[in-house]
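Note sheet for the following structure.
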There are 2 protein chains.
Amino acid sequence: MATNFDNYFKSAFTVDNVIFGFDEGDLKVLLIKRGEEPHIGEWALPGYFVKTDEDLDAAAKRVLSELTGLTNVYLEQVHTFGSVNRHAFGRVITISYFSLIKIDNYTIQPSSIALQAQWHTVNGLQHLAFDHDAILGSCLQRLKWLVKTRPVGFELLPPKFTLTELQHLYEAILRCPLDKRNFRKKILSMNLLVDCDETQEGVAHRPAKLYKFDRKRYNKLVDQGFNFELKETPTKKKNTVELSS
Amino acid sequence: MATNFDNYFKSAFTVDNVIFGFDEGDLKVLLIKRGEEPHIGEWALPGYFVKTDEDLDAAAKRVLSELTGLTNVYLEQVHTFGSVNRHAFGRVITISYFSLIKIDNYTIQPSSIALQAQWHTVNGLQHLAFDHDAILGSCLQRLKWLVKTRPVGFELLPPKFTLTELQHLYEAILRCPLDKRNFRKKILSMNLLVDCDETQEGVAHRPAKLYKFDRKRYNKLVDQGFNFELKETPTKKKNTVELSS
DNA sequence: GGTAATTAGTGTAAAAAATGCACTAAGGGG
DNA sequence: CCCCTTAGTGCATTTTTTACACTAATTACC
């Protein structure tokens, strides 16, 4: 199909994918070291050009699966960045996505993109190539909002997990401590977890119960428009507002 | 600047702007009647191609000001739509924005875009050109979320307004009735409104007090991370969840 | 085998927020 | 002057949130 837009400015398009994982109590993001100019040697978000006949979501999925081999992953478009000078070699507009993966499932795929892929702890990350700091920032903000609004945390955990692991995940994303009893009460009251009738093994303390996420029930509640909001409880801090002045 | 991306697919890209207004108790959106193929004669969102040296937000602002003459308007990027076949004449990726304007300020600008611009009540709108139904839908959803989260409603009202007008605005956006006493309590407790010491004129009933939005105080509270959440109160409906099965 | 160390798991009371509800007040129109 | 219309106001009940400390189960170590 020859386009009729020959007189209009056209731009190259990429997708950049903020791939989140959770390991050792920390929120991680998968970055690749750039092997070419510009920004050679700097860490960057995995991304690639969108193809002629490819939908945007499909491009994001492709980037993810080329890198990790995973499909069927939580993926969401976040924001589009298109400043005139964001790429030194010409105008490139990028559509940012984030995805949530279970880090255990991740095995590096031999591919051109993935030559230098590595997980990085999100907190305290160095400067990234291009405007990827801003992209990561906006995805983090979205994830923070999402986790308070929908029970997506499960996407980042192995199929069976303990409530403490889940709490640590929430704490890592929200970056605030939560009260154990209140957290459990709230999570369990949603009835989204199924007790596996199993316990942790190989730990040097009382083993915790393992739970699974009940996706069917979740989908049902979503259909009913149920509100999953989870309010944070930054222990020992009042959230009062100055009404004076 | 000659780009280095000659080997990559490039696409034309546009911004589409969902311009919301509020009048006669209804949420409105400004649409234009297409004067050319494809979709000639259908109603569409105002939008235009982004220029070579133009940032995305700037393009959205340009579309808005060419059409309405307004600048300094609430504007937010929402989502990018880029299905391969969304435009019959070639691939066009569009970045959608929405803006909130005070409908009184709107005077149609003589411009090529605006030949056939008209306000339409959002509720019960007919089919729009291209995928503009989906674009409008996502902007509506975002507005709904925003109005519950931030006091942006004021952007749609004249500088001085009554609490009843404000309530009707919220009801129009959220599409549910609110309790008058609870709504007023909640809104006033945020201390964002200033009593103008004036009342309505020319109404055939008890005149209402006029209020102004206190933007300074709002900015202050935003800095403090204050939570403006306003929960809806769909009168006489319990929000209980089935815990069985 | 006993004890120390470590994390799991549990309930209640107080405070804050949300909800439901109905009458009086003020002005214009006839 | 009465009627109509919308403005404006408070309280009691229910629900949600918050703060908080001890016992239980297991391994490691001596």
Side-chain angles (χ1 to χ4, degrees), chain A residues 24-25 148-149 157 160-171 174 176-191 193 195-211 226-243, chain B residues 24-25 148-149 157 160-171 174 176-191 193 195-211 226-243:
Chain A
E24 296 166 11
K148 283 202 272 189
T149 312
L157 291 176
K160 297 179 181 180
F161 51 85
T162 70
L163 291 181
T164 301
E165 285 165 356
L166 187 63
Q167 184 179 338
H168 288 339
L169 169 60
Y170 274 76
E171 289 174 333
L174 297 174
C176 72
L178 300 174
D179 179 89
K180 182 160 72 160
R181 284 189 280 202
N182 295 338
F183 178 79
R184 286 162 180 247
K185 204 186 310 173
K186 190 98 187 204
I187 289 287
L188 291 174
S189 76
M190 290 180 183
N191 277 70
L193 296 187
D195 188 337
C196 299
D197 275 317
E198 288 176 63
T199 53
Q200 269 181 317
E201 285 178 18
V203 287
H205 55 77
R206 172 173 178 177
K209 276 191 192 171
L210 293 173
Y211 289 87
F226 180 65
N227 181 4
F228 293 97
E229 192 155 0
L230 182 97
K231 295 218 174 139
E232 73 243 67
T233 314
T235 13
K236 290 254 193 184
K237 250 189 223 167
K238 282 282 179 180
N239 211 6
T240 43
V241 184
E242 263 206 10
L243 291 181
Chain B
E24 296 167 9
K148 283 201 272 191
T149 311
L157 291 176
K160 298 179 181 182
F161 51 85
T162 70
L163 292 179
T164 300
E165 283 165 357
L166 187 62
Q167 181 178 342
H168 288 339
L169 168 61
Y170 273 76
E171 289 175 333
L174 298 174
C176 71
L178 301 173
D179 180 88
K180 182 161 69 161
R181 285 190 279 199
N182 296 336
F183 177 79
R184 290 155 105 97
K185 203 187 309 174
K186 189 99 190 204
I187 289 286
L188 290 174
S189 75
M190 291 180 182
N191 276 70
L193 296 187
D195 188 336
C196 299
D197 276 316
E198 288 176 63
T199 54
Q200 274 181 313
E201 285 178 19
V203 287
H205 53 80
R206 173 173 176 177
K209 275 191 192 172
L210 293 173
Y211 289 87
F226 179 67
N227 182 2
F228 294 98
E229 191 156 3
L230 183 97
K231 295 217 175 137
E232 72 242 69
T233 314
T235 14
K236 289 252 196 186
K237 248 188 225 167
K238 282 280 178 181
N239 209 7
T240 42
V241 185
E242 260 205 14
L243 292 181

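Chain letters run A, B, ... following the sequence lines, proteins first, then strands; residues in each count from 1.
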* Asked: Looking at Glu198(B) and Lys160(B), does any basic side-chain N land under 4.0 Å from a carboxylate oxygen?
  -> yes
* For dG9(C), does either OP1 or OP2 sit under 4.0 Å from a side-chain N or O belonging to Arg184(A)? -> yes
Taken to the nearest whole Å, CD/Glu201(A) to P/dA25(D) is 18 Å
Whole-Å distance, Phe183(A) CZ to dG11(C) P, equals 18 Å
Which of dA26(C), dA8(C), dA28(D) is nearest the side chain of Arg206(B)? It is dA26(C)
Lys148(B) atom NZ is separated from dA18(C) atom P, nearest whole Å, by 13 Å
Leu178(B) and Tyr170(B) have their tightest heavy-atom pair at CD1-CB, 3.7 Å
Note: for Val203(A) and Lys180(A) on DNA chain D, the residue whose nearest nucleotide lies more 5' is Lys180(A)
*OP1 or OP2 of dA18(C) sitting under 4.0 Å from any side-chain N/O of Lys186(B)?*
yes
When rounded to whole Å, the CG to C1' distance for the pair Leu178(B) and dG20(C) reads 14 Å
When Lys185(A) and Gly202(A) are each assigned the nearest nucleotide of DNA chain D, the 5'-most assignment goes to Lys185(A)
His205(A) NE2 to dT27(D) C1', in whole Å, measures 9 Å
For Gln200(B) and Arg206(B), the nearest pair of non-hydrogen atoms, with its separation, is OE1-O, 4.5 Å
Shortest non-hydrogen pair, Phe226(A) vs Met190(A), comes out as CE2-CG, 4.5 Å
Side-chain atoms of Arg181(A) come closest, of dT19(C), dA21(D), dC21(C), to dA21(D)
message: Below the 4.0 Å mark, does dA8(C) have OP1 or OP2 next to a side-chain nitrogen or oxygen of Thr164(A)?
response: yes
When rounded to whole Å, the CG to P distance for the pair Asn227(B) and dA16(C) reads 17 Å
From the candidates dT18(D), dG27(C), dT27(D), the one with an atom nearest any side-chain atom of Asn182(A) is dT18(D)
Asp179(A) CG to dA21(D) P, in whole Å, measures 11 Å
To the nearest angstrom, the NZ-C1' distance between Lys209(A) and dT26(D) comes to 16 Å
Next item on the list: For the residue pair Ile187(B) and Tyr211(B), establish whether any side-chain heavy-atom pair is separated by less than 4.5 Å.
Entry: no
